[in-house]
There are 2 protein chains.
Amino acid sequence: MIERPLLVNVVLFRLADETLQVLLASPVQAWELPGSELGSQEGLEHAAERAIAALLDRPKTYLEQLFTYGAENQAPVCVVYFAIIPAEAGLVPGKPVRWTPVWQAPSLAHEHAEILAYALRRLRYKLEYTAVGFQLLPAEFTLSELQHTYEIILDEKLDKRNFRRRMLQSGIIEVTSHLRTGEGRPARLYRYRPDAVAEVKARRLFP
Amino acid sequence: MIERPLLVNVVLFRLADETLQVLLASPVQAWELPGSELGSQEGLEHAAERAIAALLDRPKTYLEQLFTYGAENQAPVCVVYFAIIPAEAGLVPGKPVRWTPVWQAPSLAHEHAEILAYALRRLRYKLEYTAVGFQLLPAEFTLSELQHTYEIILDEKLDKRNFRRRMLQSGIIEVTSHLRTGEGRPARLYRYRPDAVAEVKARRLFP
DNA sequence: GAAATAGTGTCTGTTAGACAATATTTC
DNA sequence: GAAATATTGTCTAACAGACACTATTTC
């Protein structure tokens, strides 16, 4: 049976410093997405997690397969995953990697620019129609923080009243008894309800 | 560099005899999804098309990558595509394959039952939010035929007036000057407008 | 004229989107 | 009390969903 080299690449996102960031690697010279070879008996997801564990000191909070690239004459077939990383995760020392705001990514090797653009599109879709947004935040958060997250990723300003109304009506979050105090009036903290089915009930374009 | 065997499987759908059908193969004994090995220099999509051409005398009208399966200890990694096949396509003689209504598929080898279920779900999603539906019909069709297609795949009955209103409002189809005559009043024929962007503008669950 | 299929319009309830004032805290 | 942030409600336009009758053809 014919065999082919197989690579697993990961697009790692995090939210930090008021921006959406992606982890880029520069093992030789050009920048590219981190990845690792698939072991001869290894599962795909396992390889993705191994690639992440090699770079970061915290596990990912969300992992999803994106797409598999394998053009003609292109030696390795690449299975691409994307993952969301807690902002608190630290880099393993000595690795040639860097968190970069996605809007300022340098040009990338291979097809990686295209892959990053696709991953970003998918993240936005997910954000709008499912509950991935919560993966980017700590366990408890204020509605303002949540809205801020959405605004950063969607790169658009949202109306505060409408945001709150829909977010609460969806039943996907619940109030806690805690408050976050700071400047100005303290804010109620909310918590994601993993039990609430985040079913995407969108309007059909075609009936 | 480590190498792995790579398989490309295809889930082929067509609409015939008032049902949605899938092409199943039985090369040895159990039923499974057709597929083929990926050549050493071959692109993934090319392998999928080669697998289709080996079984059918017409090209597919739609091809999309579904997912890549590669569990631990599972020898070949499988990249799965799904495709839509014109009802007029004929089988290449001598191949152990059979069109089967999806609702009556026998139990399948490997993970293929799961894969088929996923492909079907994806087809339904696509149908509701994009314009794949037209791939299942001839170039010109009546609104009744179109509605019928939707009802078969979604497995639910739709309201005629609402269906027509939305389908026409979407601007994705246009009238031709032709009529289809048969029993009862002749029906206007419509045509899909590939130029009309089938953008999925659905309601956001989260603002 | 009976049978078969195509084609059409209205009403209602829900929801998205626009919009501004008040409440609670710190300094 | 000034500054900062949190919280709350209303109105309108658009749309989904329910619903029944008329029109045109063949036999």
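Chain identifiers are assigned alphabetically (A, B, ...) following the order of the sequence lines, protein sequences preceding nucleic acid strands; residue numbering begins at 1 within each chain.
Taking atom CZ on A:R164 and atom C1' on D:dG9, their separation rounds to 13 Å, with Å as the unit. Taking atom CG on A:L143 and atom P on C:dA23, their separation rounds to 20 Å, with Å as the unit. Spacing between atom CZ of B:F163 and atom P of D:dA16 amounts to 14 Å, rounded to whole angstrom units. As rounded to whole Å, 12 Å separates atom C1' of C:dG7 from atom CD of B:Q147. Between the C1' atom of C:dG7 and the CG atom of B:L146 lies a distance of 15 Å, rounded to the nearest Å. Look at CG on A:L189: it is 14 Å from C1' on D:dT5, rounded to the nearest Å. Taking atom CG on B:L158 and atom C1' on C:dG7, their separation rounds to 17 Å, with Å as the unit.
Checking the phosphate oxygens (OP1, OP2) of C:dT5, no side-chain nitrogen or oxygen of B:S144 falls inside 4.0 Å.
Legend: salt bridge (charged side-chain N to carboxylate O under 4.0 Å, His left out) pairs involving residues 9-28 of chain B, not counting sequence neighbours: none detected. Sorted pairs that involve residues 21-37 of chain B and meet salt bridge (charged side-chain N to carboxylate O under 4.0 Å, His left out), not counting sequence neighbours, are lacking altogether.
Contacts of A:Q65 classified as side-chain hydrogen bond (donor to acceptor under 3.5 Å, both in side chains), with partners at least two apart in sequence or in another chain: A:Y81. Taking A:E145 as the reference, A:R180 meet the salt bridge (Lys or Arg N to Asp or Glu O under 4.0 Å) condition, with sequence neighbours excluded. For B:R122, the salt bridge (Lys or Arg N to Asp or Glu O under 4.0 Å) partners two or more places apart in sequence, or in a different chain, are B:E64. Residues that satisfy the salt bridge (Lys or Arg N to Asp or Glu O under 4.0 Å) test with B:D155, not counting sequence neighbours, are absent from this structure. Scored by the salt bridge (Lys or Arg N to Asp or Glu O under 4.0 Å) test, A:E88 finds A:R58 as partners (sequence neighbours excluded).
Sorted by residue number, the members of residues 177-186 of chain B with any non-hydrogen atom under 4.0 Å from DNA chain D read B:G182, B:G184, B:R185, B:P186.
The number of heavy atoms from other shown groups lying within 6.0 Å of CZ (B:R50) is above 12.
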Between the protein and nucleotides 17-20 of chain C, are there any N/O to N/O pairs under 3.5 Å, and if so, what are the atom names and distances?
residue: C:dG17; atom: OP2; partner: A:R166; partner atom: NH1; Å: 3.2
residue: C:dG17; atom: N7; partner: A:R165; partner atom: NH2; Å: 3.3
residue: C:dG17; atom: O6; partner: A:R165; partner atom: NH2; Å: 3.3
residue: C:dA18; atom: N7; partner: A:N162; partner atom: ND2; Å: 3.0
residue: C:dA18; atom: N6; partner: A:N162; partner atom: OD1; Å: 3.2
residue: C:dA18; atom: N6; partner: A:R165; partner atom: NH2; Å: 3.3
residue: C:dC19; atom: N4; partner: A:D159; partner atom: OD2; Å: 3.4
residue: C:dC19; atom: N4; partner: A:R161; partner atom: NE; Å: 3.3

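The side-chain heavy atoms of A:V11 and A:L23, taken from C-beta on, include no pair separated by under 4.5 Å.
Where B:Q169 and A:R188 meet DNA chain D, the nucleotide closest to each residue was compared, and A:R188 sits on the side nearer the 5' end.
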